[in-house]
Protein chains: 2
Amino acid sequence: MTKPRKKGAAALPLNTILDGDCIEVMNSLPENSVDLIFADPPYNLQLKGDLHRPDNSKVDAVDDEWDQFSSFAAYDKFTREWLAAARRLLKPTGAIWVIGSYHNVFRMGAELQNQGFWILNDVVWRKSNPMPNFRGKRFTNAHETMIWASKSEGSKYTFNYEALKSLNEGVQMRSDWVLPICTGHERLKNENGEKAHPTQKPESLLHRVLVGSTNPGDVVLDPFFGTGTTGAVAKMLGREFIGIEREEEYRKVAEKRIKSVKKYDKEALEVSTSKRAQPRVPFGQLVERGMLRPGEELTSMNGRYKAKVRADGTLVGKDVKGSIHQVGAAYEGAPSCNGWTYWTYKKEGKKVPIDLLRQEIRAEMARPN
Amino acid sequence: MTKPRKKGAAALPLNTILDGDCIEVMNSLPENSVDLIFADPPYNLQLKGDLHRPDNSKVDAVDDEWDQFSSFAAYDKFTREWLAAARRLLKPTGAIWVIGSYHNVFRMGAELQNQGFWILNDVVWRKSNPMPNFRGKRFTNAHETMIWASKSEGSKYTFNYEALKSLNEGVQMRSDWVLPICTGHERLKNENGEKAHPTQKPESLLHRVLVGSTNPGDVVLDPFFGTGTTGAVAKMLGREFIGIEREEEYRKVAEKRIKSVKKYDKEALEVSTSKRAQPRVPFGQLVERGMLRPGEELTSMNGRYKAKVRADGTLVGKDVKGSIHQVGAAYEGAPSCNGWTYWTYKKEGKKVPIDLLRQEIRAEMARPN
DNA sequence: AAGCTCTCTGAATCGTCAC
DNA sequence: AGTGACGATTCAGAGAGCT
């Protein structure tokens with residue numbers, strides 16, 4: 001008997017490609033078990049026979065509209081069903097990415113909202129090398145749209161803000177991503193030298209998605225696995241994947257591809273983290289440790305206000321008492337204030353933010369004794 | 001009796017702003033009479049509490065009564081009705097543009113398709129100066145989406161391919177447009193010096209829409225006229241406009257604005273295009289694109305130092321972590337360092353500056369397609 | 001005049017934890 | 001489950017005012 005890795009994840013077929021219709025397969029997996037779903041569904045579905053109108057010899061306008069509506073209805077039914085199955089699989093803290101073009105993305109987005117998913121961003125993949133519009137009748141179709149949504153309004157989700165900011169030269173990542181389409185050696189070929197899949201996504205796209213919205217060890221499911229870009233990048237990044245794909249050809253190509261992929265070293269997978277992840281240090285510790293003395297005077301960063309430190313780690317100023325945050329907020333008439341960066345103390349004649357003292361304590365805590 | 005300008009256009013109140021609910025007003029106008037509709041409907045933002053910038057200033061949110069809907073169902077009903085009224089007004093050769101954000105655009109897009117409109121492109125307005133995400137919880141919402149659709153599948157529509165190509169330095173116009181938001185003197189103020197409308201669109205956006213999808217003399221209708229950007233640009237470009245707006249304040253501002261607008265001389269249409277600076281390439285892109293692998297070792301140009309690449313595009317060396325610039329500066333004890341020219345990677349046994357990889361990306365970005 | 005600093009602002013679904 | 005305290009968090013560009 002194997003030990004389950006995580007609660008609720010016992011029965012998950014990790015790092016495998018499952019054969020079959022994604023709706024049925026997803027419904028056979030345990031609910032609330034997956035951290036992220038990335039889905040690149042087809043939009044050119046073959047319609048089922050019963051939804052086709054009878055083969056009239058002549059088509060008038062009314063029939064035309066009915067036909068159009070019936071095909072949208074079939075597509076909507078498909079979308080509703082696979083999204084519901086995906087939603088069932090997601091942990092409450094999970095999230096989903098879907099990608100599409102104007103043919104299908106509006107219907108997917110509306111259905112996501114209808115099912116209670118909470119859209120976090122729509123992200124535009126701006127292709128640096130799209131296919132031109134040869135006939136000159138429209139704009140070059142130079143982008144695709146992704147939708148990123150949490151499971152419900154208010155639910156927690158993973159967002160590695162600092163890592164993405166690092167990926168973007170220190171500026172916060174925007175909702176428009178400029179990345180090239182998948183070409184060259186990355187583009188998989190079949191035995192005949194033809195491209196193995198018509199819409200293979202670039203690994204760079206998945207890299208950004210997975211670095212930004214999962215942590216190492218998270219389970220990532222792709223219900224339209226194709227040639228397995230999601231699985232390949234998940235493996236490189238130390239995430240677990242589950243693929244679902246009904247075409248044997250694609251499964252074979254994906255299997256081989258993923259086998260040849262190597263996981264990056266552990267050190268390379270650590271990403272920049274935010275202060276939020278660091279341990280909380282009560283201001284009182286600075287006093288207890290003698291880094292600040294009771295009675296010592298702090299000055300606001302802008303030099304306008306002063307307050308005295310008390311033995312219990314509160315401040316007392318003109319007509320105000322309370323925490324470093326409360327006194328700062330009261331002085332500034334602001335709804336809130338980060339006292340750590342607002343207050344300074346005198347060190348060798350110079351104003352130094354008290355946050356530096358907190359950093360000393362944190363560094364000491366991080367040291368392995 | 002006045003001579004009708006065009007067949008079916010006899011009763012059109014050209015170049016006026018009509019007062020009232022846009023659905024009722026549109027239904028009172030003659031069908032099949034309008035060449036283009038540009039619609040910027042309420043987005044149904046569903047904002048909850050206040051939002052403050054990191055400096056504690058409060059963001060002036062779009063909390064206007066006209067953007068409040070009780071549910072998606074109510075918003076969908078509204079969308080269905082105004083789109084049906086718009087469709088009735090359009091000539092068979094007409095087209096429509098709608099603009100929205102992820103809050104509403106998926107619902108609009110799906111309803112456009114349901115009613116038989118034929119989507120020609122979705123066009124992304126990439127804002128060069130969007131509002132940042134102040135809390136670091138999502139991607140910067142840096143774009144809005146427009147949908148361009150003809151009245152029906154197969155119907156003729158206007159597309160001035162060559163004019164747009166000229167606007168784009170001789171290169172085919174793409175589906176992503178980089179334009180700044182409306183600020184400065186273009187942003188209209190009321191008597192109190194406050195912004196006259198919370199969501200005024202830039203004239204540059206309408207300029208491109210109207211140059212691309214109408215001809216001089218065409219009738220352009222905007223059912224959510226606001227402060228009249230559509231009317232102002234239409235007048236400049238020698239198109240006829242019809243505005244519908246139910247808020248008297250907005251109508252007054254728009255009226256005054258349009259009165260002061262002059263129709264362009266032909267040659268005034270030439271716009272000087274600013275020379276583009278070299279695009280900034282984040283180092284993280286080299287990692288995302290697989291040009292460098294997480295875990296790969298870089299060597300300083302002088303051969304003295306080494307550091308490893310991490311998945312988020314930062315470097316980790318001996319006791320140092322950070323961007324390519326930060327780690328280089330730390331090693332050299334210098335205040336700053338150009339990491340692009342400082343670091344090298346191994347290619348076929350030889351040390352190659354990473355700047356060469358950046359040049360590859362830039363070359364690709366500069367390529368016309 | 002040119003350049004500098006400082007201030008302000010923009011369609012935004014913008015916390016989390018302990019008690 | 002509701003309350004209160006902590007404390008993390010921003011980019012581009014315009015305009016005003018000053019040197």
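Naming: A, B, ... by sequence-line order, numbering from 1 per chain.
- Residue contacts shown for B/Lys48 are absent, as no nucleic acid heavy atom lies under 4.0 Å away.
- The side chain of A/Lys165 has D/dT10 as its nearest neighbour among D/dG7, C/dA12, D/dT10.
- When each of D/dG7, C/dG10, D/dC11 is scored by its nearest atom to the side-chain atoms of A/Val171, the top-ranked nucleotide is D/dC11.
- Distances shown here put every side-chain N or O of B/Lys137 at or beyond 4.0 Å from the OP1 or OP2 atom of C/dT13.
- With a glycosidic angle more than 90° from 0, D/dT10 adopts the anti conformation.
- Within the 4.0 Å cut-off from OP1 or OP2 of D/dC6, not a single side-chain nitrogen or oxygen of A/Arg280 is found.
- For B/Tyr250 and B/His197, the gap between ring centers is short of 6.0 Å.
- The gap from the C1' atom of D/dC18 to that of C/dA1 amounts to 14 Å, rounded to the nearest Å.
- In terms of phosphate contacts, B/Arg138 brings no side-chain nitrogen or oxygen within less than 4.0 Å of OP1 or OP2 of D/dT10.
- Here A/Tyr331 and A/Tyr342 keep their ring centres 6.0 angstrom or further from each other.
- When heavy atoms are screened at a 4.0 angstrom cut-off, B/Thr140 is found touching no nucleic acid atom at all.
- To the nearest angstrom, P of C/dT13 lies 11 Å from CD1 of A/Ile119.
- With C1' as the reference atom, D/dG13 and C/dT13 are 26 Å apart, rounded to whole Å.
- Here B/Gly49 lies in heavy-atom contact (under 4.0 Å) with a base.
- C/dC17 is paired with D/dG4 under the Watson-Crick or G-U wobble criterion, all donor-acceptor distances under 3.5 Å.
- OP1 or OP2 of D/dA12 has not a single side-chain nitrogen or oxygen of B/Ser128 nearer than 4.0 Å.
- Between B/Arg107 and B/Glu111 there is no salt bridge, since no side-chain nitrogen of the basic residue lies less than 4.0 Å from a carboxylate oxygen of the acidic one.
- Residue A/Glu153 is out of contact with every strand shown, counting any heavy-atom pair closer than 4.0 Å.
- Searching all strands for a Watson-Crick or G-U wobble partner of C/dA12 with both distances below 3.5 Å returns nothing.
- As judged by a 4.0 angstrom heavy-atom cut-off over every strand, A/Glu162 is placed among residues touching the sugar-phosphate backbone only.
- Nearest to the side chain of B/Trp66, among C/dA11, D/dC6, D/dA8, sits C/dA11.
- Nucleic acid contact for B/Asn56: none, since no nucleic acid atom lies under 4.0 Å from a heavy atom of the residue.
- For A/Ser336, counting side-chain heavy atoms from C-beta on, the closest listed nucleotide (C/dA11, D/dA8, C/dT9) is D/dA8.
- Look at B/Lys195 and you'll find a side-chain N or O under 4.0 angstrom from OP1 or OP2 of C/dG10.
- Following rounding to the nearest Å, B/Asp55 (CG) and D/dC11 (P) show an atom-to-atom distance of 13 Å.
- OP1 or OP2 of D/dG15 lies within a sub-4.0 Å distance of a side-chain N or O belonging to B/His185.
- Across all strands shown, B/Pro41 has heavy atoms under 4.0 Å from base atoms, whether or not it also approaches the sugar-phosphate.
- If A/Lys156 and B/Phe134 are placed on DNA chain C by their nearest nucleotide, the residue sitting closer to the 5' end is B/Phe134.
- Counting any heavy atom pair closer than 4.0 Å across all strands shown, B/Asn44 reaches no nucleic acid atom.
- Contact check, B/Asn104 against C/dT13: no side-chain N or O comes under 4.0 Å of OP1 or OP2.
- If you check every strand for non-hydrogen atoms under 4.0 Å, B/Cys182 touches nothing.
- The CZ-P distance, from A/Phe159 to C/dG15, rounds to 13 Å in whole Å.
- Using atom C1' as the reference point in both C/dA11 and D/dG15, the two lie 23 Å apart (nearest Å).
- Neither OP1 nor OP2 of D/dT10 sits under 4.0 Å from any side-chain N or O of B/Arg53.
- Residue A/His325 places none of its side-chain N or O atoms closer than 4.0 Å to OP1 or OP2 of D/dC6.
- The nearest whole Å value for the distance from the OH atom in A/Tyr157 to the C1' atom in C/dG15 is 9 Å.
- Between the CG atom of B/Asn129 and the P atom of C/dA12 there is a distance of 12 Å, given to the nearest Å.
- In this structure, OG1 in B/Thr140 is found 8.5 Å from CG in A/Asn121, a value given to the nearest 0.5 Å.
- With no hydrogens or angles considered, a side-chain donor-acceptor pair links A/Ser166 and A/Ser272 at under 3.5 Å.
- Pairing for D/dT9 is absent, with no Watson-Crick or G-U wobble pair whose two atom distances lie under 3.5 Å.
- D/dA12 and C/dC14 have their P atoms separated by 23 Å, given to the nearest Å.
- Nucleic acid contact for A/Arg174: none, since no nucleic acid atom lies under 4.0 Å from a heavy atom of the residue.
- Between A/Arg276 atom CZ and C/dC14 atom P the separation is 13 Å, expressed in whole Å.
- Under a cutoff of 6.0 Å and an axis angle of 45°, B/Arg126 and B/Trp177 do not form a cation-pi pair.
- Dashed line: the shortest gap from a side-chain N or O of B/Lys58 to OP1 or OP2 of C/dC14 is not under 4.0 Å.
- In this entry D/dT19 has C/dA2 as its Watson-Crick or G-U wobble partner, both defining distances falling under 3.5 Å.
- Atom CE in B/Met131 sits about 6 Å away from atom C1' in C/dG10, given to the nearest Å.
- Checked against the 6.0 Å centroid threshold, A/Trp148 and A/Trp97 count as a close aromatic pair.
- Of the candidates D/dA8, D/dT10, C/dA11, the closest approach to any side-chain atom of A/Lys275 belongs to D/dA8.
- Note on B/Glu245 versus B/Lys252: no salt bridge recorded, every NZ/NE/NH1/NH2 to OD/OE distance being 4.0 Å or above.
- With C/dT9, D/dT10, D/dC6 as the candidates, the nucleotide lying closest to the side chain of B/Pro132 is D/dT10.
- Taking every side-chain heavy atom of A/Asn338 into account, D/dA8 is the closest of C/dC14, D/dT10, D/dA8.
- Of the residues near DNA chain D, B/Arg135 and B/Pro130, the one whose nearest nucleotide (by heavy atom distance) lies more toward the 5' end is B/Arg135.
- Protein atom CD1 of B/Ile181 is 12 Å distant from nucleotide atom C1' of C/dC8, rounded to whole Å.
- Taking atom P in both C/dA12 and D/dC6, the straight-line distance is 31 Å, to the nearest Å.
- Backbone-only engagement by B/Thr183 is indicated by non-hydrogen atom pairs under 4.0 Å involving sugar-phosphate atoms exclusively.
- A salt bridge links A/Arg208 and B/Glu288; the closest N-O separation between the charged side-chain nitrogens and carboxylate oxygens is under 4.0 Å.
- Looking at the side chain of A/Gln326, the nearest of the listed nucleotides D/dC6, D/dG7, C/dA11 is D/dC6.
- Between B/Phe38 and B/Phe224, a ring centre-to-centre spacing not shorter than 6.0 Å is recorded.
- The phosphate of C/dC14 has neither OP1 nor OP2 within less than 4.0 Å of any side-chain N or O from B/Asn133.
- Using a 4.0 Å heavy-atom criterion, one finds that A/Ser323 contacts the sugar-phosphate atoms exclusively.
- A gap of 12 Å separates the C1' atoms of D/dT10 and C/dG10, to the nearest Å.
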